[in-house]
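Numbers here are sequence positions counted from 1. Values below: every heavy atom of this structure, side chains too, minus hydrogens, waters and symmetry copies.
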Amino acid sequence: MLLFLITCSFSFILFYSPLFACEMRLLSLCFWKSIKNIVFSATLSFFTTRMLPSKKIYAVPKVQRTAFDTNSGDQMSVLDYLPDLVLETILEKLPPKGLCRMGCVSKSLRGMCVSDHLWERHVRSKWGRVVGTSAYREWLCCAHSRNQDSIFFDRIGEKVFLGCLIALVRSRFCSVGKDKIFPPVNSVMSWYIALESGKLWFPAQVYNRENGHVGFMLSCYDAVVSYDRRTDTFLARYPAHGTRTSAIESGVTWDRLRAPLVDTSPHDLHISDCLNELRPGDQIEIQWRRNKEFPYGWWYGVVGHLETCDGNANYCRCHHSESLVLEFNQYTRGCRWRTTIVNRRDHREEGNEADGFYGGIRKLCGNEEISMWKQFWPDVVLE
């Protein structure tokens with residue numbers, strides 16, 4: 001009965017006190033329901049030990065000043081009274097928009113809401129499959145060479161990240177002095193905003209380039225891409241080759257993108273380290289280009305049997321041969337691109353101007369990689 005009366009009394013204070021009512025709207029109702037017992041217990045314990053009357057809640061002590069302080073008269077938010085563990089749990093559940101808004105509550109929350117570990121979760125969740133280390137290096141280079149304002153605005157008055165929210169963030173966060181920038185240039189929060197805004201062009205690879213043109217079926221080519229929030233798709237710019245200018249493709253969907261899996265330029269031969277372990281049935285991707293002026297693309301294939309082998313697993317010795325048969329079963333039998341043979345002992349670029357040039361090989365090890373390729377399998381066999 002005592003616990004019931006305490007709970008009811010705290011609920012009355014929470015929802016009818018103007019200060020609480022204003023700030024607790026920052027928390028989503030669903031999340032509050034899931035942790036209300038923890039918050040109730042911790043807050044009741046704090047107020048019981050300190051014995052602060054409700055009429056004096058407004059006269060809270062000032063916190064220690066930080067690099068994000070905007071003026072000396074700022075006071076603590078009531079949320080600052082929550083135990084650190086509870087507050088961290090709340091912040092971890094908030095979406096990016098909620099984190100930005102929470103950071104506007106007080107200067108102590110400001111520093112917590114920009115923490116890299118909070119924003120790393122959001123980067124991994126939304127961008128983890130399409131950005132890699134090369135994209136992060138590109139961001140760091142871009143962030144230190146460009147004006148911070150260009151990350152947030154495309155042109156004067158046009159806001160590109162979460163509508164009017166970025167204006168709110170800047171008005172509360174960026175008034176820390178001319179010599180300070182918020183969010184910090186090299187923070188994960190800034191990286192997330194740059195990705196989301198579309199201002200950052202970063203390296204990625206595109207499956208079935210040029211909207212699935214038949215000449216690029218089951219291939220994956222390097223490009224630099226930029227996100228378009230209006231359509232939730234990407235703009236891809238492919239490297240120039242020969243006398244041709246850079247090709248640009250719009251409307252690239254999320255499922256057609258991946259982060260580069262090797263740190264090799266599309267114009268360089270990838271050094272293969274899996275050739276000796278390849279056996280018939282293994283699935284691979286191999287570099288291929290039309291001629292020496294073209295960049296490499298990665299093409300899906302399968303290790304096949306030698307002509308002298310009947311395919312019986314009990315007697316197959318294909319993996320002992322220096323010759324490695326690669327099959328591209330998306331093409332019809334008899335097609336010049338259906339099969340090719342490479343030397344597994346002394347592998348280098350092989351081919352000619354008629355059939356193209358084959359480069360480095362990667363073995364596909366995970367089911368996720370294999371399923372990504374198979375979802376692009378053509379409906380009809382290619383000629």
Which value, rounded to the nearest 0.5 Å, describes the distance between [X] atom [atom1] and [Y] atom [atom2]?
X: Cys220; Y: Gln287; atom1: SG; atom2: CD; result: 12.0 Å
X: Ile248; Y: Leu235; atom1: CD1; atom2: CG; result: 6.0 Å
X: Ile341; Y: Glu307; atom1: CD1; atom2: CD; result: 6.5 Å
X: Leu91; Y: Cys113; atom1: CG; atom2: SG; result: 5.0 Å
X: Trp299; Y: Leu326; atom1: CH2; atom2: CG; result: 14.5 Å
X: Leu257; Y: Met372; atom1: CG; atom2: CE; result: 8.5 Å

[X]: ring pair (Phe, Tyr, Trp, His ring centres under 6.0 Å) partners, not counting sequence neighbours:
X: Phe357; value: none
X: Trp377; value: none
X: His122; value: Trp119
X: Tyr227; value: Trp127, Phe234, Trp254

Working for side chain to side chain donor-acceptor pair (under 3.5 Å), residues Glu88 and His117: CA-CA 11 Å; Glu88 279 289 333; His117 75 277; 3.2 Å; yes
I'd like to know if [Y] and [X] are part of one continuous hydrophobic network [Ile/Leu/Val/Met/Phe/Trp/Tyr, side-chain heavy atoms within less than 4.5 Å].
X: Trp298; Y: Ile271; result: no
X: Leu278; Y: Leu364; result: no
X: Val206; Y: Phe202; result: yes
X: Val214; Y: Trp288; result: yes
X: Val342; Y: Val325; result: no

Looking at [X], I'd like to know if its [atom1] atom is crowded, meaning that more than 12 non-hydrogen atoms belonging to other residues, nucleotides or ligands lie closer than 6.0 Å.
X: Asp263; atom1: CG; value: no
X: Asn276; atom1: CG; value: yes
X: Arg333; atom1: CZ; value: no
X: Gln375; atom1: CD; value: yes

Determine the minimum heavy-atom distance between [X] and [Y], stating which atoms define it.
X: Glu92; Y: Leu118; answer: CG-CD2, 3.7 Å
X: Ser321; Y: Arg344; answer: O-NE, 2.8 Å
X: Arg258; Y: Leu261; answer: NH1-CD1, 3.5 Å
X: Leu269; Y: Gly360; answer: CD1-N, 3.3 Å
X: Pro260; Y: Ser134; answer: CG-OG, 3.9 Å
X: Asp255; Y: Phe376; answer: O-CZ, 3.3 Å

Under 3.5 Å: donor-acceptor pair, side chain of [X], backbone of [Y]:
X: Ser272; Y: Leu275; result: no
X: Asp282; Y: Arg279; result: yes
X: Ser125; Y: Arg121; result: no
X: Ser226; Y: Gly198; result: yes
X: Asn343; Y: Ser323; result: no
X: Asp116; Y: Val188; result: yes
X: Arg336; Y: Ala354; result: yes
X: Ser371; Y: Glu368; result: yes

List the steps and the verdict of side chain to side chain contact (heavy atoms under 4.5 Å, CB included) for Met217 and Gln330. CA-CA 8 Å; Met217 280 293 182; Gln330 64 268 34; 5.6 Å; no
May I ask you to check whether Trp373 and Tyr207 place their ring centres under 6.0 Å from each other? yes
Tell me whether the centres of the aromatic rings in Trp191 and Tyr136 are closer together than 6.0 Å. yes
Assess the residue pair Arg237 and Glu249 against the criterion (salt bridge (charged side-chain N to carboxylate O under 4.0 Å, His left out)); give the C-alpha distance rounded to whole Å, side-chain angles, the decisive distance to 0.1 Å, and a yes or no. CA-CA 6 Å; Arg237 187 170 62 235; Glu249 178 183 353; over 6 Å; no
So is Arg338 actually on top of Phe328's ring, under 6.0 Å and inside 45° of the axis?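 That pair does not qualify as a cation-pi contact.
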Kindly indicate whether a cation-pi arrangement holds for Arg209 with Phe216, taking the cut-offs as under 6.0 Å to the six-membered ring centre and within 45° of the axis.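 Judged by the rule, Arg209 and Phe216 form a cation-pi pair.
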Just to verify, which of Asp273, Val303, Leu324 counts as forming a side chain to side chain contact (heavy atoms under 4.5 Å, CB included) with Ile361?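 Testing Ile361 for a side chain to side chain contact (heavy atoms under 4.5 Å, CB included) against Asp273, Val303, Leu324 leaves exactly one candidate, Leu324.
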Taking side chain to side chain donor-acceptor pair (under 3.5 Å) as the cut-off, I'd like each qualifying pair that reaches into residues 347-358, sequence neighbours left out, listed once.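 Residue pairs with at least one partner in residues 347-358: Arg289-Glu349, Lys292-Glu349, Tyr296-Glu349, Asp346-Arg348.
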Are His305 and Cys316 close enough that some pair of their side-chain heavy atoms sits under 4.5 Å apart? yes
Would you check if Cys104 and Arg110 make a side-chain contact, meaning some heavy-atom pair closer than 4.5 Å? no
Leu218 and Leu382: CA distance, side-chain angles, deciding distance, side chain to side chain contact (heavy atoms under 4.5 Å, CB included) verdict: CA-CA 11 Å; Leu218 288 185; Leu382 306 178; over 6 Å; no
Looking at Arg256 and Glu210, is there a salt bridge between them, counting it only when a charged N and a carboxylate O are closer than 4.0 Å?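 A salt bridge is absent here (no side-chain N lies under 4.0 Å from a carboxylate O).
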Test Glu369 against every option in Arg129, Arg362, Lys374 by the salt bridge (Lys or Arg N to Asp or Glu O under 4.0 Å) rule and name the one that passes.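 That would be Arg362.
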In the hydrophobic cluster built from side-chain contacts under 4.5 Å, what are the other members alongside Val380? none
